[in-house]
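Nothing here was measured: the structure is a model prediction, and the numbers come from that model.
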Amino acid sequence: MKKVVVLLVCAVIVLVGYVVLYKSGIESSFGANKAYKQGIAFHKNKEYDKAFELYKKACDGVEMLGCTNLGVMYANGFGVEKNEQKAVELYKKACDGGDMRGCGNLGVMYEKGNGVEKNEQKAVELYKKVCNGGDVRGCTNLGVMYEKGNGVEKNEQKAVELYKKVCNGGEMAGCYNLGTMYAKGSGVEKDFGKAAELFKKACDGGHMRGCRSLGFMYDNGNGVEKNEQKAAELYKKACDGGDMRGCFNLGFMYEKGNGVEKDLGKAAELYKKACDGGNMYGCRGLDIIYRLMEK
């Protein structure tokens, strides 16, 4: 009888132990998720030091999204010294833990050779994993690899299929990429009208290269009726949204007086913005404007 009582007591102790561990796990998960969400808020406000600490707390817990965002901090030097190797470690941890965004970011690191030896085949594997996991951004990246033949045999038709999938899923980068395929006639029959339609969808969805490309279509009358005023409006939208090629194109309109009143000063301002943003056409255009203004 005593033996039975002892066994029952032991069973109760073990059960209580499991309950405590389960409760502890729940609390740990809740705390990590809360830290991650708080980190997002600070990140949006560019309070990187606070965001970094909260992402670290989340990652040290069980929130893999925290690990991914912590990797982003290291990759860009937000709130911490830039360290791409550390970013790779964190993306791998997040990916192994089931976060598809971590897998996608890790794929980019392998594709570019940032923080790890360049390996486009590995990047393709990761993009496939992300795409199959339901993240359309992975499908977009995979489409680019097929389009260019990087890490996989070139297959423009496959790229088109992937871009269509992601565009229909609401990923504007996929709509833009699909538009370029129609504009070039790559993997699909050339169709400027379809390209313009897709660039418009991308632009309306906030993709600034889509706005710039749609502006180009209006500028040249490809797939739409030529309208330089409309082109200038779209280049401005793209430029204001951070697309430096859009700034250059708008500068060119001001230089020539196409769709806007000719204004070399405004052209110079736009070329300088494009140049400062890394667009070499802008630098060249600025030099030409300075020469013109000296005469």
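Considering all non-hydrogen atoms of both residues, G39 and A51 come closest at O-CB, 3.5 Å. Taking all atoms of both residues into account, the shortest heavy-atom contact from G174 to C167 is C-CB, 4.1 Å. Across all non-hydrogen atoms, the minimal contact from V124 to N150 is CG2-O, 3.6 Å. Between G282 and A274, the shortest heavy-atom contact is CA-CB, 4.0 Å. What you find for Y254 and L270 is that their closest heavy atoms are CD1-CD1, 3.6 Å. Minimum interatomic distance between E225 and Y218 (heavy atoms only, all atoms of both residues): O-CD2, 3.5 Å.
V80 and F78 end up in the same hydrophobic cluster when Ile, Leu, Val, Met, Phe, Trp and Tyr side chains are linked at under 4.5 Å. Under a hydrophobic-cluster definition in which Ile, Leu, Val, Met, Phe, Trp and Tyr are linked whenever side-chain heavy atoms come within less than 4.5 Å, directly or via other members, Y74 and I40 are assigned to the same cluster. Linking ILVMFWY side-chain heavy atoms closer than 4.5 Å, directly or via other members, places M172 and F199 in two distinct hydrophobic clusters. With hydrophobic clusters built from ILVMFWY side chains whose heavy atoms lie under 4.5 angstrom apart, V188 shares a cluster with L198. Each of I288 and L250 belongs to its own hydrophobic cluster when Ile, Leu, Val, Met, Phe, Trp and Tyr are linked at side-chain heavy-atom distances under 4.5 angstrom.
When atom types are taken as modelled, the side chain of N279 and the backbone of C275 share no donor-acceptor pair closer than 3.5 angstrom. Using a distance-only test at 3.5 Å, with no hydrogens or angles considered, a donor-acceptor pair links the side chain of T180 to the main chain of N177. With hydrogens and angles ignored, the 3.5 Å screen pairs a side-chain donor or acceptor of Y163 with a backbone N or O of V144. The backbone N or O of F216 sits less than 3.5 Å from a side-chain atom of N220, completing a donor-acceptor pair.
Salt-bridge check for E81 with K86: failed, with every basic side-chain N at 4.0 Å or more from each acidic carboxylate O. Salt bridge status for E47 with K50: present, with a side-chain N to carboxylate O gap under 4.0 Å. Between K194 and E197, at least one side-chain N (NZ, or NE/NH1/NH2) sits under 4.0 Å from a carboxylate O, which counts as a salt bridge. Taking a cutoff of 4.0 Å between a charged side-chain nitrogen and a carboxylate oxygen, E269 and K266 qualify as a salt bridge.
Distance check, rounded to the nearest 0.5 Å: CE of M217 to CG of N222 gives 5.0 Å. The CE atom of M100 sits 11.0 Å away from the CG atom of L106 when rounded to the nearest 0.5 Å. Summarising the geometry, atom OH belonging to Y110 is positioned 9.5 Å from atom CD belonging to E125; distances are rounded to the nearest 0.5 Å. Between atom CD of residue E111 and atom CG of residue L126 there is a gap of 11.0 Å, rounded to the nearest 0.5 Å. With rounding to the nearest 0.5 Å, the separation of CG in N105 from NZ in K92 is 15.0 Å. Atom CE of residue M253 and atom CZ of residue F248 lie 12.0 Å apart, to the nearest 0.5 angstrom.
In this structure the side chain of K165 never reaches within 4.5 angstrom of the side chain of V136, judged on heavy atoms. Counting heavy atoms from C-beta outward, L54 and Y36 have side chains that stay 4.5 Å or more apart. Under the 4.5 Å side-chain criterion, counting only non-hydrogen atoms from C-beta, L65 is in contact with R101. Between K128 and L142, some side-chain heavy-atom pair lies under the 4.5 Å cut-off. E255 has its side chain within reach of L264: a pair of non-hydrogen atoms, C-beta onward, lies under 4.5 Å apart. Side-chain contact check for K93 versus C59: some heavy-atom pair is nearer than 4.5 Å. Inter-residue side-chain proximity for E120 and K118 is flagged as met; some heavy-atom pair is nearer than 4.5 Å.
No close placement of the H43 and F52 rings is indicated, their centers lying 6.0 Å or farther apart. For F192 and Y182, the distance between ring centers is not under 6.0 angstrom.
Side-chain polar atoms of N69 and Y55 form a donor-acceptor pair below 3.5 angstrom.
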Would R245 and D243 count as a salt bridge (charged side-chain N to carboxylate O under 4.0 Å, His left out) here? Give the steps. CA-CA 6 Å; R245 184 62 184 266; D243 182 74; over 6 Å; no

Mind running side-chain contact (heavy atoms from CB on, under 4.5 Å) on E261 and D263 for me, showing each step along the way? CA-CA 6 Å; E261 188 175 344; D263 187 335; 6.0 Å; no

Applying side-chain hydrogen bond (donor to acceptor under 3.5 Å, both in side chains), run through D219 and Y235 and close with a yes or a no. CA-CA 10 Å; D219 200 356; Y235 290 152; 3.0 Å; yes

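Other residues, nucleotides and ligands place no more than 12 heavy atoms under 6.0 Å from the NZ atom of K112. Atom OH of Y281 sits in a sparse spot, with 12 or fewer heavy atoms from other residues, nucleotides or ligands closer than 6.0 Å.
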